[in-house]
Colleague: 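My questions will all concern the structure given below.
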Amino acid sequence: MGKIKLLQGNEACAEGALYAGCTFFGGYPITPSTEVAEYLARRLPQIGGVFLQMEDEIAAMAAVIGGSLAGCKALTATSGPGFSLKQENMGFAMLTEIPCVIVNVMRGGPSTGVPTGPGQSDIMQCKWGTHGDHPVICLTPAYVQEIFSETVRAFNLSEKYRTPVIIAFDEIVGHMRERIEIPDAGVLEIVNRVKPTCPPSEYLPYDDSKGDVPPMANFFEGYRYHVTGLNHGTDGFPVNASPRIHTDELRLLRKVEANRAEIIKFEEYMLDDAEVAIFAYGVSGRSAKTAVEMARAEGIKAGLFRPLTIWPFPDEQVAELAGRVKGIVVPELSLGQIIFEVERCAKGRCKLEGIYRVDGDPINPAQILAKVKEVK
Amino acid sequence: MGKIKLLQGNEACAEGALYAGCTFFGGYPITPSTEVAEYLARRLPQIGGVFLQMEDEIAAMAAVIGGSLAGCKALTATSGPGFSLKQENMGFAMLTEIPCVIVNVMRGGPSTGVPTGPGQSDIMQCKWGTHGDHPVICLTPAYVQEIFSETVRAFNLSEKYRTPVIIAFDEIVGHMRERIEIPDAGVLEIVNRVKPTCPPSEYLPYDDSKGDVPPMANFFEGYRYHVTGLNHGTDGFPVNASPRIHTDELRLLRKVEANRAEIIKFEEYMLDDAEVAIFAYGVSGRSAKTAVEMARAEGIKAGLFRPLTIWPFPDEQVAELAGRVKGIVVPELSLGQIIFEVERCAKGRCKLEGIYRVDGDPINPAQILAKVKEVK
Amino acid sequence: MAFDYDQYIRAGKLPHIWCPGCTYGIVFKSILRVVDTLKLNRDDIAMVSGIGCASRLPGYVDFNTLHTAHGRALPFATGLKMAKPDKHVLVVSGDGDATAIGGNHFIHACRRNIDITVLVFNNFIYGMTGGQYSPTTPSGHLATTMPYGNIDTSFNIPELAKGAGASFVARGTAYHAAGLDKLIIEAMQHKGLSVVEIINACPTTHGRRNKFKSPTDMLLWMKDTYIPAVAFDKLPPEKTAGKFPMGVLFKKEGLPEYCENYYGLVERLKKQREGRA
Amino acid sequence: MAFDYDQYIRAGKLPHIWCPGCTYGIVFKSILRVVDTLKLNRDDIAMVSGIGCASRLPGYVDFNTLHTAHGRALPFATGLKMAKPDKHVLVVSGDGDATAIGGNHFIHACRRNIDITVLVFNNFIYGMTGGQYSPTTPSGHLATTMPYGNIDTSFNIPELAKGAGASFVARGTAYHAAGLDKLIIEAMQHKGLSVVEIINACPTTHGRRNKFKSPTDMLLWMKDTYIPAVAFDKLPPEKTAGKFPMGVLFKKEGLPEYCENYYGLVERLKKQREGRA
Amino acid sequence: MSERYEIRFSGSGGQGLILAGVIFAEAATIYDTKTAVQSQSYGPEARGGASKSEVIISDKTINFPKATAIDLMLALTQEACSKYYKDIKPDGTLLVDEDFVKEIPKGTFKVLRLPIIRTASEEIGKAFVANIVAIGAITAITGQVSLEAVEKAVLSRVPKGTEELNKKALKAGYDLAKARAK
Amino acid sequence: MSERYEIRFSGSGGQGLILAGVIFAEAATIYDTKTAVQSQSYGPEARGGASKSEVIISDKTINFPKATAIDLMLALTQEACSKYYKDIKPDGTLLVDEDFVKEIPKGTFKVLRLPIIRTASEEIGKAFVANIVAIGAITAITGQVSLEAVEKAVLSRVPKGTEELNKKALKAGYDLAKARAK
Amino acid sequence: MATEQAAEKIEATESPKVKISIIPRYCKGCEICVKLCPTQVLGMDVFKVKVVDIDKCTICMACELRCPDFAIFVEKK
Amino acid sequence: MATEQAAEKIEATESPKVKISIIPRYCKGCEICVKLCPTQVLGMDVFKVKVVDIDKCTICMACELRCPDFAIFVEKK
Ligand SMILES: Cc1ncc(C[n+]2csc(CCOP(=O)(O)OP(=O)(O)O)c2C)c(N)n1
Ligand SMILES: Cc1ncc(C[n+]2csc(CCOP(=O)(O)OP(=O)(O)O)c2C)c(N)n1
Ligand code: SF4
Ligand code: SF4
Ligand code: SF4
Ligand code: SF4
Ligand code: SF4
Ligand code: SF4
Ligand SMILES: [Mg+2]
Ligand SMILES: [Mg+2]
């Protein structure tokens with residue numbers, strides 16, 4: 001058995017990173033994500049890894065990409081305002097296909113908002129925050145143990161698909177403490193980026209002829225190549241306007257789209273015979289679970305769909321669900337964001353009700369139950 | 001009759017701003033939007049207005065908000081990477097309800113991408129780019145004359161609803177020159193922010209008791225009040241967790257949602273009896289118009305829905321359309337963004353086909369016509 | 001009669017949010033005395049801040065006040081000032097706000113020499129977020145993100161401002177509160193950008209972790225450590241170790257001020273047009 | 001035999017993208033000679049840039065090369081260097097890239113004294129975007145966004161670097177190409193952050209608009225304007241007007257270098273653990 | 001007993017109540033076999049002024065993570081008591097420091113007054129162990145966690161060299177509550 | 001005549017071809033009564049090397065704004081000619097400077113060779129008016145816009161004091177083309 | 001904004017020479033004034049400041065000047 | 001990355017003392033070398049550099065040093 005600890009969600013995230021082999025953290029403090037940094041500030045120097053507090057979030061994101069390119073598994077953690085600032089460089093990592101993990105511990109409000117309150121209102125930004133078309137993987141754990149394991153998974157997906165992965169959870173799960181078990185090394189699978197095996201003279205960093213994820217050489221290992229945020233050819237050098245841009249950008253999206261089956265993860269709870277489904281993640285997913293239990297206790301056939309991967313969105317699963325329930329209830333700590341996606345996939349085949357709350361408190365099970373009853 | 005000129009789209013935007021009464025520009029150069037700045041660098045000092053080139057886009061956005069708060073109608077213009085950087089401060093303006101206009105001349109690709117190529121791939125970012133819930137108005141003109149008039153409208157909406165307004169057009173319409181007529185002063189309506197009339201001691205900058213858009217005092221005019229990016233009470237001072245946050249954020253969204261009828265603008269072209277509709281904006285809307293003509297020439301009943309307001313999205317119009325056509329074709333200079341919104345509103349009631357292109361060239365009418373034929 | 005602070009403080013806003021022993025309140029009072037001394041009209045002053053404990057100050061003063069995003073006070077202030085060049089714009093900022101995330105705006109405001117006064121509340125730490133090290137945290141000090149002692153090198157804020165082209169640079173401390181009044185007065189009277197670094201104490205996230213037994217100890221450390229520049233410059237090197245000069249450290253008058261330059265251009269163009277007409 | 005530049009240039013990448021008479025190519029050659037002189041292994045060098053004409057350089061050299069976002073080269077480079085502290089990291093950046101949008105990273109890299117060499121290609125303009133004024137555009141010069149002549153004050157890049165704490169600051173010019181080799185060599189051999197401002201000419205967007213008849217005129221202007229620091233310091237004030245010093249302008253050895261500090265800590269912790277075990 | 005037991009530790013910033021919550025949660029879920037969730041107040045109000053830390057204990061998985069119906073609330077200061085008592089269940093318990101909380105808010109809940117701080121400073125000799133005294137008392141009052149588990153949790157969290165002191169404080173609090181409960 | 005006429009002006013960076021396009025578009029849509037869209041190449045290739053400027057002229061609204069089937073292309077340099085000729089319509093026209101464009105690409109289009117630059121430097125005495133000479137020639141060749149309108153457009157765009165020079169250049173180009181066309 | 005302020009409760013201690021006013025609600029008990037008073041005029045009443053010996057007051061103003069919380073005022077009579 | 005490079009066409013002009021090599025495809029005709037050559041060895045062939053009078057060459061290397069385009073090389077024999 002692994003190590004048992006009582007940890008905050010943020011600390012579990014740091015532990016998950018270490019378990020996954022993260023040796024590089026670049027950050028800038030911001031509530032409510034700071035504990036991720038503080039934990040790693042203590043741990044990384046102990047294991048010879050790099051802890052860097054940069055001058056701002058833009059620099060933090062840049063340093064993380066640099067660290068990854070030099071061969072480290074690299075992490076950054078932030079919240080709303082910092083997440084907005086990181087967007088430009090996140091797009092750089094997406095286009096240049098440099099793995100890294102970005103944690104967004106979501107707080108309340110736009111702008112400075114409510115720094116110490118929880119939110120789930122950056123969830124559309126996780127997908128659309130940077131300009132241009134870009135692939136996005138975003139995970140949404142809800143329990144401290146899950147934050148640990150999803151952080152490991154985030155690094156694995158990032159390395160496997162050569163793309164940044166976002167982990168988004170709310171302040172409540174980030175700050176609360178729960179018991180977690182940190183498995184012994186070797187228990188969870190760890191994925192490392194595929195490196196080129198060809199001679200350096202033949203290396204094409206963005207060669208798409210052998211699959212959508214070309215092997216990635218680290219800097220300073222003999223493969224001298226060029227990395228640029230301009231659209232580029234298979235050799236990494238800029239191309240200005242050509243079919244290559246189109247096919248290459250398509251490939252980037254395809255890395256995610258074609259692997260939905262592997263990337264998309266969710267929990268279904270009492271959904272088999274459900275007449276009303278709740279679609280909820282993060283702390284709202286936790287409340288929803290209690291609401292399902294309360295509903296069942298009253299004889300109402302409710303069930304929960306709790307996505308652990310929110311991007312790519314579980315289109316098919318939601319479409320299927322919408323075809324067999326009377327309605328879907330979507331509780332969110334926002335004024336309605338992910339419900340747009342549910343609406344898109346449901347295609348009008350069932351009722352849809354949102355529960356929105358942005359006053360600093362979580363949506364409670366009673367609120368959800370009431371809405372479930374309305375829909376039923 | 002007004003003045004007749006041959007102007008670039010970007011220049012027409014600058015002229016529109018001047019016509020609307022803009023006396024403040026804050027920017028940072030970036031292709032393909034720079035001509036907006038360059039034009040105003042010449043014109044603003046001539047009329048006693050402020051032209052400021054700041055150290056970066058973040059500062060430019062900040063200066064613009066400051067300028068507006070001090071009573072100017074204020075503008076900034078940028079493109080992809082700069083637009084990403086402005087997001088945090090755009091959220092500030094949305095929450096604090098400071099009017100201003102942000103122009104995004106869309107270029108190609110994520111990251112640095114294809115700086116001189118056209119794109120329409122920031123369109124979802126226009127809505128979701130900053131963290132937290134926030135109101136968004138975004139206009140999408142397609143002709144040089146339209147850029148002029150929509151820029152005037154952008155200022156009007158911004159002043160009327162006390163909210164930032166985005167204008168998003170692609171590099172092609174930004175850079176091409178067409179004849180435009182600049183009407184004489186007084187021909188187009190100009191809206192100015194409503195200022196308080198109460199005594200300063202009674203002024204509540206975010207008082208929602210008399211409507212969703214409280215009067216706005218400019219700084220230095222005797223109404224000493226507090227502006228903060230924290231969620232705040234009617235008096236402008238921070239509130240931490242309370243129903244106020246929820247109701248106030250709802251009000252912010254409602255400023256836009258409840259006024260869809262006024263804000264949403266679009267062109268319908270041969271849609272009355274259409275069997276296939278094309279949903280397209282910007283340069284793609286121009287191509288689509290030609291495609292409609294080509295289709296009609298072949299006896300195919302095609303029509304065009306060309307939104308001039310893309311956010312708020314014309315939900316009802318698209319829903320209605322989807323109910324009466326066989327299919328909707330959505331050409332975009334992206335890998336598929338606004339089609340998600342069309343899909344959401346169409347609710348599965350008609351076929352849906354996207355045309356995506358990100359290789360630096362516009363989608364041409366023949367491409368669209370071919371897809372129209374497929375759908376029919 | 002005692003000085004009437006209330007006339008400049010918003011009703012009902014006291015007690016303020018700062019921790020027991022946080023010296024920000026001392027500086028707060030100094031600023032109010034300065035405004036009074038200079039007989040500034042409250043309607044004509046804007047106070048602008050970013051985010052941080054220091055940045056909470058605008059909430060309390062009865063001026064036009066603007067609490068912006070972390071690090072961004074200066075460009076917001078620049079917008080205000082350019083739009084209304086005859087008004088007084090005062091920026092208050094923490095060491096992190098002004099020199100970490102806001103460093104770029106800081107150096108550009110210095111370069112541009114725009115007539116704004118910037119008060120940098122240097123408490124050597126990120127107070128608001130709970131004690132992470134800042135670009136001014138002394139070497140060896142403990143912070144939550146430097147749990148083994150700070151290995152980073154600090155900015156010397158006055159040197160940074162000077163290198164960036166600031167025309168007025170001063171340093172004061174919360175301990176030397178009376179002298180601080182004078183420095184801020186001189187800064188506000190200076191035409192062009194003026195920077196006053198104000199040494200402060202954060203007992204909660206810095207002092208406690210670094211062997212200061214009480215807020216008073218931190219004030220007394222200031223008393224011992226900061227020496228008037230004139231005196232400092234005369235000391236032999238062995239006596240200046242661990243000490244720092246305070247007072248007006250650098251001042252250059254007559255340099256072009258940005259608003260003057262800009263509106264000068266506007267005037268020139270106007271004359272040209274009139275001449276032509 | 002003539003110097004073999006080809007060994008360091010990527011096959012098929014010449015002619016480069018720069019305009020006729022753009023002096024970036026002159027500096028490019030200098031850098032390659034330096035790499036050769038220092039006998040650096042191409043695999044062990046990373047060249048990092050932001051965005052701009054200057055920032056296109058990494059595309060040509062056969063090292064590990066990274067063309068990042070506008071202004072952000074230094075933090076990317078910091079990530080590379082911290083991950084692989086024994087490698088050489090060279091940043092090339094324009095005046096806009098390094099000191100406008102990238103100003104914050106510039107001063108923080110200086111402060112942190114991390115062992116990276118930063119070459120700032122100062123051509124006094126935003127070349128890539130077509131000639132907007134930059135923080136180094138001389139007063140009075142024309143630029144597309146200063147159509148009436150620049151009213152803004154410039155950064156003195158060496159002063160800025162020094163104020164921020166840089167331990168090595170030099171200035172060279174494209175004209176003085178041979179001397180430039182020496183400066184870059186010294187910069188790269190310096191332990192800690194080294195800055196070399198390199199004066200360049202942008203005939204296309206700056207020279208043409210500002211009465212320089214040809215690229216050569218711009219080079220000859222450099223010849224007249226930049227004077228070796230030793231000579232400069234001896235000149236009477238009336239002779240230095242409009243002139244600037246070049247050479248190593250500031251150098252301080254033995255200051256703590258960031259990677260050394262950090263990995264020193266790592267070692268210390270390791271020893272502690274071993275001691276405890 | 002309901003399947004979910006909610007405890008709130010409240011007082012002023014420096015009194016170690018967050019640590020108290022953490023220790024109690026650890027006792028329940030690491031050293032005993034229960035499930036626990038601990039959370040605390042962040043934000044400006046956590047700086048000086050009133051502060052709180054909450055622990056939910058259950059035999060089953062805890063989903064909804066916020067304490068909203070408090071079974072037992074500890075208040076070491078008047079300010080904290082007045083600010084936070086409202087969530088106490090009608091049949092819950094309010095435990096206050098009898099010297100520092102004089103105004104007891106109205107409610108149907110049970111009220112217990114103990115000289116927690118006085119016990120710490122006078123009996124143990126160190127005011128800063130008041131939080132441990134409180135844990136002892138709460139262990140006795142709630143019966144949610146074994147004293148043994150709590151002791152282990154305390155010892156694993158307190159600075160080296162203060163073990164005996166803290167053990168004494170824990171015992172003192174436990175005995176105090178047991179004595180009064182009689 | 002097709003309802004849409006596309007002209008491409010190409011050459012090297014400093015030859016004033018963007019201005020030529022702008023002037024031609026202005027002639028068509030400001031001084032004549034047609035509709036016109038002008039666009040040009042941006043990006044690194046617009047710095048030195050080959051550069052181009054395009055004008056679409058029509059009697060109706062122009063929707064699709066890119067020139068893709070060129071009716072007439074002007075090429076003042078070999079590089080521009082080779083790089084851009086591909087979009088010329090099968091029955092279109094390629095107009096080249098006869099001294100600077102020696103290799104004529106293959107195609108079914110008509111080819112016209114005129115000594116544009118030579119005319120500018122020798123006849124007018126200033127090489128930099130080659131663009132205006134070219135405009136004159138194109139006015140004559142295409143017949144899209146009246147010479148009068150073009151002259152107005154030229155005069156409104158050129159620096160004060162150079163009006164006569166440019167008028168001469170325009171006339172020279174116009175005559176040159178008329179003469180050769182015979 | 002309104003500037004009228006609800007009158008705060010003030011505890012005044014007076015001697016023939018000096019009046020020391022304390023606003024208990026503002027005092028955060030940081031002890032700065034207590035420790036910096038050169039003549040030990042002030043002391044602590046658990047969490048708040050109190051006047052211990054007003055006769056020792058030299059009206060040096062150190063307490064008022066450095067109280068961060070607008071909680072103590074000294075007036076010469 | 002591959003470093004082999006297709007051999008560029010080089011135009012060499014030689015004298016007993018010196019060989020001047022020009023790579024026409026690289027030369028952008030900026031005239032820097034022409035104007036900086038102290039002894040007028042070089043001249044322009046419309047858009048490209050050419051050697052006009054090699055005998056005047058003093059092998060000062062100014063042209064090679066300051067050619068931005070890797071287009072001219074001077075070798076002492
Ligand atoms: C973009 C962004 N990044 C980070 C933060 C979090 N944050 C708030 S204040 C602060 C630092 C405050 O330090 P300083 O400016 O020194 O002020 P102090 O609190 O010490 O007065 C940080 C990192 C934020 N609000 N926004
Ligand atoms: C975020 C962002 N803002 C603006 C730009 C546009 N841009 C590209 S290069 C550049 C300035 C280049 O100037 P400099 O760094 O001096 O380099 P130069 O081209 O003169 O060599 C600008 C503003 C950009 N690419 N990204
Ligand atoms: S945390 Fe520090 S800086 Fe912030 S209020 Fe408390 S003592 Fe002052
Ligand atoms: S624009 Fe200027 S800096 Fe850029 S390549 Fe041309 S000459 Fe060089
Ligand atoms: S005025 Fe001086 S002497 Fe009097 S109480 Fe205050 S500090 Fe003490
Ligand atoms: S200094 Fe002020 S807040 Fe501190 S104890 Fe004295 S009166 Fe109270
Ligand atoms: S080496 Fe010197 S003399 Fe010879 S051609 Fe070159 S510049 Fe002229
Ligand atoms: S300097 Fe180089 S590019 Fe310029 S003309 Fe001479 S050889 Fe050609
Ligand atoms: Mg601070
Ligand atoms: Mg430059």
Side-chain angles (χ1 to χ4, degrees), chain A residues 8 10-11 14 25-63 75-88 105 107 109-116 171 174-175, chain C residues 17 48-53 55-56 58-59 66-76 93-107 125-137 141-155 160 202 205-206 209:
Chain A
Q8 284 195 320
N10 285 345
E11 295 168 336
F25 179 89
Y28 186 77
I30 184 165
T31 307
S33 72
T34 309
E35 293 81 4
V36 180
E38 291 175 338
Y39 200 90
L40 290 170
R42 192 168 289 279
R43 294 284 287 114
L44 280 169
Q46 293 174 344
I47 60 164
V50 175
F51 174 87
L52 257 183
Q53 180 177 298
M54 295 297 285
E55 52 271 24
D56 60 21
E57 286 88 349
I58 297 173
M61 189 67 224
L75 177 75
T76 189
T78 189
S79 304
F83 195 61
S84 287
L85 289 171
K86 284 182 203 281
Q87 291 299 333
E88 189 196 8
V105 185
R107 60 195 228 179
S111 191
T112 309
V114 190
T116 53
E171 182 270 343
H175 271 160
Chain C
I17 200 180
V48 186
S49 72
I51 299 289
C53 294
S55 295
R56 285 301 194 105
L66 178 56
H67 179 229
T68 72
H70 189 36
R72 315 304 174 189
L74 269 163
F76 277 88
S93 191
D95 45 322
D97 197 56
T99 75
I101 193 169
N104 205 27
H105 313 306
F106 183 72
I107 59 175
I125 204 82
Y126 294 157
M128 174 69 100
T129 42
Q132 299 76 32
Y133 77 103
S134 94
T136 61
T137 303
H141 277 218
L142 294 175
T144 62
T145 48
M146 276 293 179
Y148 307 107
N150 185 15
I151 58 162
D152 209 352
T153 312
S154 302
F155 274 138
L160 177 66
C202 171
T205 80
H206 179 239
R209 219 172 251 120

Colleague: Given heavy-atom pairs under 4.5 angstrom as the criterion, report whether the side chain, backbone, both or neither of A:Tyr39 touches chain C.
Modeller: neither
Colleague: Contact part of A:Leu40 toward chain C, heavy-atom cut-off under 4.5 Å: side chain, backbone, both or neither?
Modeller: neither
Colleague: Closer than 3.5 angstrom, by distance alone: can the side chain of A:Gln53 be matched with the main-chain N or O of C:Thr145 as a donor-acceptor pair?
Modeller: no
Colleague: For A:Tyr28 and C:Ala100, which heavy atoms make the closest approach, and how far apart are they?
Modeller: OH-CB, 3.7 Å
Colleague: Is chain C contacted by the side chain of A:Ser111, its backbone, both, or neither, given a heavy-atom distance below 4.5 Å?
Modeller: neither
Colleague: Distance from C:Gln132 atom CD to A:Ile30 atom CD1, nearest 0.5 Å?
Modeller: 11.0 Å
Colleague: Give the C-alpha distance, both sets of side-chain angles, the deciding distance and a yes or no for side chain to side chain contact (heavy atoms under 4.5 Å, CB included) between A:Asp56 and C:His70.
Modeller: CA-CA 10 Å; A:Asp56 60 21; C:His70 189 36; over 6 Å; no
Colleague: So do the side chains of C:Thr99 and A:Glu55 get within less than 4.5 Å of each other, counting heavy atoms only?
Modeller: no
Colleague: Considering only heavy atoms, which portion of A:Pro45 lies under 4.5 Å from any heavy atom of chain C: side chain, backbone, both, or neither?
Modeller: side chain
Colleague: What distance do C:His67 atom NE2 and A:Thr112 atom OG1 have between them, rounded to the nearest 0.5 Å?
Modeller: 6.5 Å
Colleague: Please name the pair of heavy atoms, one in C:Tyr148 and one in A:Ala41, separated by the smallest distance, quoted to 0.1 Å.
Modeller: CE1-O, 3.8 Å
Colleague: Would you compute the distance between atom CE of C:Met146 and atom CD of A:Glu38 and round it to the nearest 0.5 angstrom?
Modeller: 13.0 Å
